[in-house]
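Remarks on the structure that follows.
Every heavy atom of this structure was used, including side-chain atoms; hydrogens, water molecules and symmetry mates were not.
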Amino acid sequence: MHHIMKQATVRDLRYHFVDIEARLGRGEQVEIRKRRKVIARLVPVRSEPNVYPDFAEVRRRIFAGKKASSTGTQLVSSGRSRD
């Protein structure tokens, strides 16, 4: 797969950084040029994937097979009728 690297000048960095930052946010690499020579490449940082706890396991650990006397909907309804 051929990937065309986006280019920007030092002046673009100064005056159009928001646009360049948006490109980086989309995962694009940006080649920085000064007087037609490449002086740097900006590469987006690959963030760590969000690791979420196993909510089903947490629920099993907390409730361990216990049954609630009423559903969540019933609890919300009863709470609203008190007002």
>> Side-chain heavy atoms nearer than 4.5 Å, only ILVMFWY residues, links allowed to pass through others: does that put Ile32 and Val43 together?
In response: no

> Given the rule that I, L, V, M, F, W and Y join up when any side-chain heavy atoms are under 4.5 Å apart, are Val58 and Phe63 in one cluster?
Replying inline: yes

> Which is it for Arg33 and Glu31 under the salt bridge (charged side-chain N to carboxylate O under 4.0 Å, His left out) test, yes or no, and what are the steps along the way?
Replying inline: CA-CA 7 Å; Arg33 294 178 169 261; Glu31 197 171 70; 3.2 Å; yes

> Is the closest side-chain heavy-atom distance between Pro44 and Gln29 below 4.5 Å?
Replying inline: yes

>> Would you say that Leu42 contacts Leu13 through its side chain, given a criterion of any heavy-atom pair below 4.5 Å between the two side chains?
In response: yes

> Is any side-chain heavy atom of Ile62 less than 4.5 Å from a side-chain heavy atom of Arg59?
Replying inline: no

>> With a 6.0 Å cut-off (strictly less than), is the heavy-atom count around CZ of Arg11, excluding the residue itself, greater than 12?
In response: no

> Would you say the side-chain atoms of Gln74 pair up with the backbone N or O of Thr71, donor to acceptor, closer than 3.5 Å?
Replying inline: yes

> If you measure from CZ on Arg23 to NE2 on His16, what distance do you get to the nearest 0.5 Å?
Replying inline: 10.5 Å

> If you group Ile, Leu, Val, Met, Phe, Trp and Tyr by side-chain heavy-atom gaps below 4.5 Å, do Val38 and Val10 land in one group?
Replying inline: no

> Considering all heavy atoms of both residues, which atom of Gln7 and which atom of Val30 are nearest to each other, and what is their separation?
Replying inline: C-CG1, 4.4 Å

